[in-house]
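To start, the structure under review is shown below, and the notes come after it.
Treat the numbers as computed from the prediction; the structure is a model and nothing was measured.
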Amino acid sequence: MKHRITLVAGTAAATASLLCAASAAGAATAGGRTAGSGSTTPAEVRVNQVGYPPDSAKVAYAMLPGTVRQVRFTVSGSHGVVFRGRSSRDAGTWNGAYRAVYRLDFSGLHRTGNYRITISANGAKAVSPVFAVAPAAALYHRLVLNGVRYFTSERDGADVRSTVLDRKPANLTDRHATVYADPRYDSNDNLLGTFHRIGGPVNVAGGWFDAGGGYEKFAYTASYADGLLLLAARDFPGTYPTLAGEARFGLRWLQKLWRPAKKVLYIQVGIGTGNASNTIQGDYNFWFLPQREDRMDVKPGGHPGPSAHYVKYRPVFPAAAPGAKISPDLAGRIAADFALGAQLSAATRRQHAEHLLGLARGIYAMATTSHVGSIVTTFPHDFYPGTEWKSMMLWGADEIALADEALGAPAARVRADLAVAAHWAKAYIAQGHPAGSDTLNLYDNGALGEAELIQAMHGAHGAPVIAPHVLLADMAAQLRVGEGLAKGDPFGLGIVLGQGDATPHAFGLAITNALYQRYGGSGRYRAFAQQQLNFTLGANGWGSSFVVGAGDTYPHCMQSEIANLAGSLTGHGNIQVGATSDGPSNIGNFVGLGTVSGMRACRAGHYKPFNTKTTGYEDNVVSWPSVEPADDYSANSTLAFALAAATR
């Protein structure tokens, strides 16, 4: 579960006003128009607002105040009604107002076009937003490019694109940053003591901001996000013109973090929170465009003064002391990134590819793999409380073997690297996947590692170091975890709502199935995987897509400083397309949210009628649990869309 702390409170009254306004009960979301009789609760229709491939399972949902004998529905396009159906399958109660949710299956519709669904039940009627039935490439190609554009909008340093949300060079002080010993935090993520300088200056300029509500940069999240972009760039060469360049931009920053001569890895630039007294402030104390950080006057008597010193001159923290072993999650995943970069460059820049492969081997060899204890992620650890690491070691070994193959390494070397990967595959599989365990996301990369190992063994043309069917069976086990959880959700989501990271987990399950099928798995989970995409794109209790620019209704008021200050707040025009947010979150996370001076007030939609006792959703700039975009979220959606677009 990804944890982010609330923004430092500004005016409590303003915060309460914003939150209450966003939560106010009202009409249905913008996606549907409803009418009914016999109840003050209007019926609703939820669909994947982007659309469905012609041969895929196609399911929409009717939300009703109570059970009925059956729901009649039609699917209509420009030529009138093209499909008629009825449903008596109640998927379960959603909340106190919507006590019945009916699945509307129209998988028999294969004709391409733009459509709406109209339902009729006991006198109540409702109409869905428009959606398409179209080839997968037509549905998802633009969404992949939007995902890449999101990362471009989040660039730090001098190499920014002014055409994307009017970005300007920012945080140029990172070119000469100071290295500090690992900081200590209390249980509320307040900094304890001060910083102790241990080195520098180092050049850590560039990279991507971690998430919308601050400008810190983390190797833990960047290595995951860049790995997914590099995978997509490798597997779909030339399909998405901006993809490879953006993936390489992320890789160049990761190269700055690993210093092979000193055997030291820098893993964090900047701090989100300072101390409780605010004598040391962090990024979350401020709300402005990133170029403002370079212009801060942090001298005594200046504005904002010395308390913001570490916002302008951002501290850098290492994973471990020079020469000491490195946490295996970081070593394994960054090795995977370097080796993926080598694969991308092998055919055109061999010397560069060999250099990247050398970096991958060097950092991989520094991983601590015995008596690991708590892994290192970020400071404070609560921001990203990861525990699993064997999947990252598996992924790193896979990509090193694949880079060997791309560069024509001797068979004995490839075989040795595959043996390392097989070791970690067996260790990962041995952990098991009990009901309710994790599936593919920032914290568990097992499905990626297993799929890449199958590919590496195919390329080696020898006896497999581990049976491919064993790897496929474990990927299927992960899909069954999601499938089991989906049985308890009326909309078929493969994670328990309210436990966090709903959107990226749904995309992760879609990715897992796509890789499972690509490397020989059956089509058993195809409909389940399609439903995960449906959920993220509008077929959920709130009727909103959680990817900006995808569908009819999506976040307008993200907790993104760049989107909030440089973009439109209407959902149209100059918006941060491709940004992917968490969506639904535990209802308790919405209590006591704060605003920051400079934040443009923004709220959209009326979602409170669709909240449950445990889970809520708010499209409000203060509501980070729902609408703060993040790199790992957006990387999951980008790769999921790329894989979906390639499905035939």
Least distance between heavy atoms, Ala644 atom then Ala136 atom: O-CB, 3.2 Å

Minimum heavy-atom distance Leu143-Ala550, with the two atoms named: CD2-CB, 3.8 Å

Given side chains that start at C-beta, do those of [X] and [Y] come closer than 4.5 Å, heavy atoms only?
{"X": "Phe641", "Y": "Asn146", "result": "no"}
{"X": "Glu628", "Y": "Met558", "result": "no"}
{"X": "Val481", "Y": "His433", "result": "yes"}
{"X": "Thr615", "Y": "Ile587", "result": "no"}
{"X": "Gln576", "Y": "Glu154", "result": "yes"}
{"X": "Asn441", "Y": "Asp632", "result": "no"}
{"X": "Val621", "Y": "Trp287", "result": "yes"}
{"X": "Lys58", "Y": "Leu104", "result": "no"}

When you measure from the side chain of [X] to the backbone of [Y], do you find a donor-acceptor pair of N or O atoms at a distance under 3.5 Å?
{"X": "Gln532", "Y": "Gly492", "value": "yes"}
{"X": "Ser637", "Y": "Ser634", "value": "yes"}
{"X": "Asp631", "Y": "Thr221", "value": "no"}
{"X": "Trp94", "Y": "Phe610", "value": "yes"}
{"X": "Asp582", "Y": "Ala502", "value": "yes"}
{"X": "Ser626", "Y": "Gly583", "value": "yes"}
{"X": "Thr93", "Y": "Arg99", "value": "yes"}
{"X": "Gln268", "Y": "Ile271", "value": "no"}

Arg89 CZ: over 12 foreign heavy atoms closer than 6.0 Å: no

Heavy atoms of other groups near Arg518 CZ, more than 12 under 6.0 Å: yes

Sequence-distant partners of Tyr215, ring-ring contact (aromatic ring centres under 6.0 Å, His included), two or more places apart: Phe209

Contacts of Arg333 that satisfy side-chain contact (heavy atoms from CB on, under 4.5 Å) - sequence neighbours left out: Tyr220, Ser223, Tyr224, Met392, Trp395, Leu442, Asn445

Geometric cation-pi criterion, Arg524 with Tyr516: 6.0 Å, 45°: no

Passing candidate, ring-ring contact (aromatic ring centres under 6.0 Å, His included) with Phe106, options Tyr115, Phe131, Tyr61: Phe131

Can you confirm whether the side chains of [X] and [Y] place a donor and an acceptor under 3.5 Å from each other?
{"X": "Tyr633", "Y": "Asp501", "value": "yes"}
{"X": "Glu246", "Y": "Trp208", "value": "yes"}
{"X": "Gln49", "Y": "Ser545", "value": "no"}
{"X": "Asp210", "Y": "Tyr384", "value": "yes"}

Ring-ring centroid check Phe546 Tyr617, cutoff 6.0 Å: yes

Near-ring test Tyr607/Trp542, centroid separation under 6.0 angstrom: no

From NE2 (His556) to CG (Asn564), nearest 0.5 Å: 14.0 Å

Straight-line distance of Asp226 CG to Asp337 CG, nearest 0.5 Å: 5.0 Å

Residues which pass salt bridge (Lys or Arg N to Asp or Glu O under 4.0 Å) with Arg142, listed by chain and number, not counting sequence neighbours: none

Steps toward side chain to side chain contact (heavy atoms under 4.5 Å, CB included) verdict (Val47, Ile117): CA-CA 9 Å; Val47 298; Ile117 293 175; 3.9 Å; yes

Mutual orientation of the aromatic rings belonging to Tyr240 and Phe236 [parallel < 30°, tilted 30-60°, perpendicular > 60°]: perpendicular

Intermediate values then yes/no, side chain to side chain contact (heavy atoms under 4.5 Å, CB included), Thr512 and Tyr525: CA-CA 10 Å; Thr512 300; Tyr525 305 101; over 6 Å; no

